Protein chains: 2
Amino acid sequence: MDPIKQFNEYVSRKGLKNTNQRMIILETFLASESHFSTEELYLKLREEYPKIGYATVHRTLKLFAECGIAAERNFGDGQTRFEPVHGEEHHDHLVCTSCGLIIEFEEPQIEKLQESVAATHQFTIENHRLELYGLCAACAAADQ
Amino acid sequence: MDPIKQFNEYVSRKGLKNTNQRMIILETFLASESHFSTEELYLKLREEYPKIGYATVHRTLKLFAECGIAAERNFGDGQTRFEPVHGEEHHDHLVCTSCGLIIEFEEPQIEKLQESVAATHQFTIENHRLELYGLCAACAAADQ
DNA sequence: CTAGAAAATGAAAACGATTTTCAGAAGCTA
DNA sequence: TAGCTTCTGAAAATCGTTTTCATTTTCTAG
Ligand SMILES: [Zn+2]
Ligand SMILES: [Zn+2]
Ligand SMILES: [Zn+2]
Ligand SMILES: [Zn+2]
């Protein structure tokens, strides 16, 4: 479903209100491919909309996560990041520890093996995180 | 190698000093099977050694990680946890979101697939994290 | 259209885990 | 033992995140 529609439905279902700030933040958030931290999105927004406060950006990102159009991520640098969710797809991440590049990947065989590991321990998986940290091709080459 | 020996070698190599606190913390840390947070280890130590300060526990755990006898973990509850490292073995974790139970597992096939994913993207893996969150058998049963 | 209730905003303060500071204590070398 | 270095513990600082609160905005009902 269209994320904007999904957000609007969530807002009216919960008795929340439509505001300019939320629309601006949503558009900027969706327009990007990035895995934004609150800080980064706040700084980007500030270029064009200097009146929008940090707290509003933060609360709005949390709201996006709540209504399912954003996913929270944590790549171990002490910052929570958010990325737009498109449909039901799932992916995991390669994270370059040198330049910060993030590559997304899907590997159904790994997902299956996770289920079998869980089954072995009578464990019911609700969600998981898989991140591979290391050097991207460019950084590995520069390293030589 | 014996972790105590490994620690002592690291300490002398770096020109650090042997102290009672470090030995006490090391013994308590190694004696446990748990994935301790600084806070938890501090509280446990305080029962028997009320003079040891929080900062010392924290600095000492960081030192353990630095010299390779402890691994830092983060299971998304906002606390960094430490566990003893035994040899070269590697494992990943099942984490119960209800009771906090942590189960360790090794799945060589997943590890292999990770390498193949990385290769596909010309990516060199330095380390990775894989955590499966959900309900352990007991909590799933209690849920019914 | 209002008016009034409810929710949202932005600045600043509070929070919680982690890290640093600093003065005194302890360890090590000669 | 002297003297230099590191370590310790308490307290303060830091950093990302979250909350507070006075004010503004949205929205509904009259
Ligand atoms: Zn996955
Ligand atoms: Zn992603
Ligand atoms: Zn693994
Ligand atoms: Zn473990």
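Throughout, protein chains are lettered first and strands after them, A, B, ... in sequence-line order, and every chain is numbered starting at 1. Remember, it's a predicted structure, so these values are computed and weren't measured experimentally.
The aromatic rings of A:His121 and B:Phe105 are tilted relative to each other, their planes meeting at an angle between 30° and 60°.
When each of B:Tyr42 and B:Lys14 is assigned the nucleotide of DNA chain D bearing its nearest heavy atom, the one mapping closer to the 5' terminus is B:Lys14. Positionally, the nearest nucleotide of DNA chain C for A:Leu63 lies more toward the 5' end than for the other of A:Leu63 and B:Arg81.
Outside the 6.0 Å centre-distance limit, the rings of A:Phe82 and A:Phe64 are not counted as a close aromatic pair.
Applying the 4.0 Å criterion to OP1 and OP2 of D:dT17, one finds that A:His58 has every side-chain N and O outside that range. Of the side-chain N and O atoms in A:Thr19, one or more sit less than 4.0 angstrom from OP1 or OP2 of C:dT9. Between A:Gln21 and D:dT25 there is no side-chain polar atom (N or O) within less than 4.0 angstrom of OP1 or OP2. Side-chain N/O atoms of B:Lys51 include none lying less than 4.0 angstrom from OP1 or OP2 on D:dG9.
Residue B:Met23 contributes atom CE, which lies 15 Å from atom C1' of C:dA26 at whole-angstrom precision. Rounded to whole Å, atom P of C:dA26 lies 14 Å from atom CD1 of B:Ile52. Rounded to an integer number of Å, the gap from CG of A:Asn18 to C1' of C:dT9 is 15 Å. One atom, CG of A:Asn20, and another, P of C:dT9, lie 9 Å apart when rounded to the nearest Å. Summarising the geometry, the separation between CZ on A:Arg13 and C1' on D:dC27 is reported as 19 Å, rounded to the nearest angstrom. Computed from coordinates, the A:Tyr49 OH to C:dG10 C1' distance equals 18 Å when rounded to whole Å. Remark: P of D:dC7 and CZ of B:Phe7 are 9 Å apart, rounded to the nearest angstrom. When the P atom of C:dG16 is taken as reference, atom OH of B:Tyr54 falls 13 Å away, rounded to whole Å.
The B:Leu16 side chain lies nearest to D:dT6 when the options are C:dA7, D:dT6, D:dC27. Distances from the side chain of B:Arg59 to the nucleotides C:dG10, D:dT18, D:dG9 place D:dG9 closest.
Within the 4.0 angstrom heavy-atom criterion, only backbone atoms of the sugar-phosphate kind lie near B:Arg22; the bases stay farther away. If you check every strand for non-hydrogen atoms under 4.0 Å, B:Glu39 touches nothing. Counting non-hydrogen atoms under 4.0 angstrom, A:Thr80 reaches the backbone sugars and phosphates but no base.
B:Arg73 and B:Glu131 are not joined by a salt bridge, as no carboxylate oxygen comes within less than 4.0 angstrom of a charged side-chain nitrogen.
One can find a donor-acceptor pair under 3.5 Å joining the base of C:dA6 and the side-chain atoms of A:Lys17.
No donor-acceptor pair under 3.5 Å is formed between the side chain of B:Glu107 and the backbone N or O of A:Gln114.
A donor atom on one side chain and an acceptor atom on the other are not found under 3.5 Å apart for A:His86 and A:His91.
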